[in-house]
Each structure stands twice: as structure tokens, then as C-alpha cells.
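Okay, so here's the structure we're looking at.
Values reported hereafter were calculated over all heavy atoms of this structure, with side chains retained and with hydrogens, waters and symmetry mates removed. Given the structure is predicted, the values throughout are model-derived calculations rather than measurements. Positions are given from 1 along the sequence.
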Amino acid sequence: EYANHAYHNKNSYLVNACWYAEDSYYCTKGIYLNHCMDGYNIQNCNNSYELIDSNNCTNCYFLLNCDSCFNSILCENCIDCKNCIWCKGLYHKEYYIFNKQVSKDEFERKYNVFLQIL
């Protein structure tokens with residue numbers, strides 16, 4: 001219900017041009033989504049919010065043009081990045097904040113603060 005150009009979706013609301021979306025809301029042009037919200041032109045994404053032109057991302061928030069990212073917030077043009085916050089143009093990096101590497105403990109501390117804000 002309330003889907004347009006949708007195919008094989010389950011428990012999704014207001015999705016447009018989405019295929020195989022499950023438990024997703026307010027997404028447009030998505031394929032193979034699971035628990036995604038407010039996404040545009042995304043594929044194979046899980047548990048994510050506000051992604052644009054991104055693929056294969058999990059547990060991410062506010063990404064633009066990213067691919068294969070995990071557990072990241074506010075990133076742009078990042079590929080295969082894990083545990084990154086507010087980064088741009090990184091490739092194959094882990095535990096970065098503002099494009100600078102940080103320790104795992106420092107990252108987790110700041111990541112939890114960001115999650116409380118969101």
C-alpha cells in the first residue's frame with residue numbers, strides 16, 4: 001500500500017521505484033533494501049538512514065555517493081570505509097573522524113555521542 005512502481009516489497013511504506021525492499025520507508029529508486037529510511041538511489045543497504053547514491057552500506061547515516069561502508073555517519077565519496085565519521089574521499093579506511101585516524105576507543109566514544117544526537 002502507498003507504493004509506486006514497486007515490486008516484491010514487504011512492510012514498506014511510501015516507497016517509489018523500489019524493488020525487494022523490506023521494512024523500509026520513504027525511499028525512492030532502491031533495490032534490495034532492509035530497514036532503510038529516506039534513501040534515494042540506493043542498493044543493497046541495511047539499517048541505514050538518509051543515504052543518497054550509495055550502495056552496499058550497513059548501519060550508516062547521512063551518506064552521499066558512498067560504496068561498501070559500514071557503521072559510518074556523515075560521509076561523502078567514501079569507498080569500503082568502516083567506522084568513519086564526517087569523512088570525505090576516503091578509500092579502505094577504518095576508525096577515521098574528520099579524515100584523521102583515531103583509536104578504536106576514541107571512535108566508539110564519539111560514535112555513541114553522535115548516535116544520541118541522532
Side-chain angles (χ1 to χ4, degrees):
E1 193 171 346
Y2 301 112
N4 186 22
H5 292 47
Y7 177 74
H8 243 286
N9 297 315
K10 182 179 178 185
N11 297 328
S12 295
Y13 180 75
L14 285 177
V15 293
N16 181 32
C18 287
W19 293 10
Y20 302 101
E22 186 171 341
D23 298 317
S24 296
Y25 309 94
Y26 315 111
C27 293
T28 301
K29 293 178 68 179
I31 301 173
Y32 297 107
L33 310 178
N34 191 11
H35 291 90
C36 290
M37 189 171 189
D38 288 336
Y40 178 79
N41 196 25
I42 56 177
Q43 295 180 18
N44 300 317
C45 294
N46 299 300
N47 301 324
S48 296
Y49 176 73
E50 198 69 44
L51 304 184
I52 299 173
D53 297 328
S54 297
N55 303 312
N56 305 313
C57 296
T58 302
N59 296 334
C60 294
Y61 304 90
F62 305 102
L63 299 187
L64 174 62
N65 196 30
C66 292
D67 193 9
S68 301
C69 291
F70 175 78
N71 218 31
S72 296
I73 302 173
L74 294 163
C75 293
E76 181 180 350
N77 296 327
C78 291
I79 296 175
D80 193 30
C81 292
K82 296 172 180 72
N83 304 309
C84 293
I85 298 174
W86 220 302
C87 293
K88 184 174 182 177
L90 294 182
Y91 302 98
H92 315 293
K93 302 292 183 185
E94 188 170 5
Y95 298 117
Y96 271 70
I97 299 176
F98 295 110
N99 282 26
K100 295 181 182 175
Q101 191 164 21
V102 296
S103 69
K104 181 180 178 183
D105 294 332
E106 182 179 354
F107 176 83
E108 289 176 356
R109 207 171 44 250
K110 292 187 179 181
Y111 182 79
N112 290 330
V113 169
F114 267 96
L115 287 182
Q116 289 175 357
I117 293 169
L118 296 176

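Under a hydrophobic clustering in which Ile, Leu, Val, Met, Phe, Trp and Tyr are joined whenever their side-chain heavy atoms come within less than 4.5 Å, directly or via other members, Phe62 and Tyr26 fall into the same cluster. Criterion: ILVMFWY side-chain heavy atoms under 4.5 Å apart, direct or through other members. Under it, Leu33 and Trp19 are not part of a common hydrophobic cluster. Note on Leu63: it does not cluster hydrophobically with Met37, by side-chain heavy-atom contacts below 4.5 Å among ILVMFWY residues. Both Leu115 and Phe107 are part of a single hydrophobic cluster, where members link through side-chain heavy atoms under 4.5 Å apart. Linking Ile, Leu, Val, Met, Phe, Trp and Tyr whenever their side-chain heavy atoms come within less than 4.5 Å leaves Tyr40 and Ile73 in two separate clusters.
With hydrogens and angles disregarded, no donor-acceptor distance shorter than 3.5 Å links the side chain of Asn59 to the backbone of Asn46. The main-chain N or O of Glu106 is found under 3.5 Å from a side-chain atom of Ser103 such that the two form a donor-acceptor pair. Within the 3.5 Å criterion, the main-chain N or O of Ala21 finds a donor-acceptor partner in the side chain of Asn9.
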Going through the checks in order, is the side chain to side chain contact (heavy atoms under 4.5 Å, CB included) test met by Asn47 and Asn34? CA-CA 6 Å; Asn47 301 324; Asn34 191 11; 5.6 Å; no
Between Val102 and Tyr96, is a side chain to side chain contact (heavy atoms under 4.5 Å, CB included) present by the stated rule, with each step listed? CA-CA 6 Å; Val102 296; Tyr96 271 70; over 6 Å; no
Kindly determine whether Asn44 and Asn55 satisfy side chain to side chain contact (heavy atoms under 4.5 Å, CB included), including the steps that lead there. CA-CA 6 Å; Asn44 300 317; Asn55 303 312; 5.9 Å; no
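The side chain to side chain contact (heavy atoms under 4.5 Å, CB included) with Leu51 is formed by just one residue from the set Cys60, Cys36, Cys69; it is Cys60. The residue from Ile42, Asn41, Leu64, Asn65 that alone fulfils the side chain to side chain contact (heavy atoms under 4.5 Å, CB included) condition with Ile52 is Leu64. Only one option out of Cys78, Ser72, Cys84, Cys45 pairs with Cys66 in a side chain to side chain contact (heavy atoms under 4.5 Å, CB included); it is Cys78.
Glu94 and Gln101 make their closest contact through O-NE2, 3.7 Å (heavy atoms, listed as atom of the first residue, atom of the second, distance). Between Cys27 and Cys18, the closest heavy-atom pair is O-SG, 3.6 Å.
Phe114 is not listed as a side-chain neighbour of Tyr61, based on a closest heavy-atom distance of 4.5 Å or more. Side chains of Tyr111 and Ile85 form a contact here, defined as non-hydrogen atoms less than 4.5 Å apart. A heavy-atom distance below 4.5 Å is not found between the side chains of Val15 and Tyr25. Within the 4.5 Å cutoff, the side chain of Asn16 has no heavy atoms near those of the Lys29 side chain.
Applying the salt bridge (Lys or Arg N to Asp or Glu O under 4.0 Å) rule to Asp80 yields the partners Lys82; only residues at least two apart in sequence or on another chain are considered. Listed by chain and number, the residues in a salt bridge (Lys or Arg N to Asp or Glu O under 4.0 Å) with Glu22 amount to none (sequence neighbours excluded).
Rounding to the nearest 0.5 Å places CG of Asn77 at 6.5 Å from NZ of Lys88. How far CD of Glu108 is from CG of Asn83: 7.5 Å, rounded to the nearest 0.5 Å.
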